[in-house]
> 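Dropping a structure here in structure tokens format, bear with me for questions.
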Amino acid sequence: MRTHHAIALLAAAGLLALTGCAPVTSAPEPDDKIVTPASAAPSAPAAVPRTPPPPAAATSAAATVAVPDFVGQVLQTAQDGAQAQGFYLLTSHDSLGKNRNQVLDRNWKVCTQTPAAGTKAATHTKLDFGTVKTEESCP
């Protein structure tokens, strides 16, 4: 008797599991009307500009400032100083020509810079720092 009940329960559980996993095969008939409350109806997306408009001062022309002298400074300090002056396009390279990457900026010092110190340049100008490791001598 117990065996029959156990088999019947296992069979019912198996059918329920299979039924729960079956994909939905019937689509609503065209005559079926789906009613959506007005509050749940999708609304048209608001138009959002991709980029904010530039400030009025920036639309006329980029600021032109004298490029500070960064030679002799630790690369990180030079980069911070350049950004404080409004220069954000910054690059650096290995002055010894070994093509080493300046991964830890605090381990490098500036030997050369382009454009040169004192040059008037727009703040969107790219500054390039020629660097060596802090324990090395500039070429």
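Counting begins at 1 with the first residue of the sequence.
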> Check the pair Asn99, Asp94 against side-chain contact (heavy atoms from CB on, under 4.5 Å), reporting the backbone distance first and the verdict last.
CA-CA 6 Å; Asn99 292 327; Asp94 186 352; 5.9 Å; no
> Quick one: do Trp108 and Val74 end up in the same hydrophobic cluster if we chain Ile, Leu, Val, Met, Phe, Trp and Tyr together by side-chain heavy atoms under 4.5 Å apart?
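Shared cluster, no.
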> Taking atom CD of Gln76 and atom CD of Gln102, what is their separation to the nearest 0.5 Å?
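Taking CD in Gln76 and CD in Gln102, the distance rounds to 12.5 Å.
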> Looking at side-chain heavy atoms only, is the closest gap between Thr77 and Phe70 below 4.5 Å?
no
> Examine distances only and state if a side-chain atom of Gln113 and a backbone atom of Cys111 form a donor-acceptor pair shorter than 3.5 Å.
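Such a contact is absent between Gln113 side chain and Cys111 backbone.
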> Mind listing the closest non-hydrogen atom pair of Phe87 and Pro68 along with its distance?
CE1-CD, 4.4 Å
> Do you know which two heavy atoms are closest between Leu96 and Ser137, and how far apart they sit?
CD2-O, 4.4 Å
> First locate atom CZ of Arg100, then atom OG of Ser95, and finally report the distance between them rounded to the nearest 0.5 Å.
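Rounded to the nearest 0.5 Å, the CZ-OG separation comes out at 9.5 Å.
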> Could you list the donor-acceptor pairs under 3.5 angstrom formed between side-chain atoms of residues 122-134 and any protein atom two or more places apart in sequence or on another chain?
unit_1	atom_1	unit_2	atom_2	d
Thr125	OG1	Ala122	N	3.4
Thr125	OG1	Ala122	O	2.8
Asp128	OD1	Thr91	OG1	2.9
Asp128	OD1	His93	ND1	3.2
Asp128	OD2	His93	ND1	2.9
Thr131	OG1	His93	O	2.9

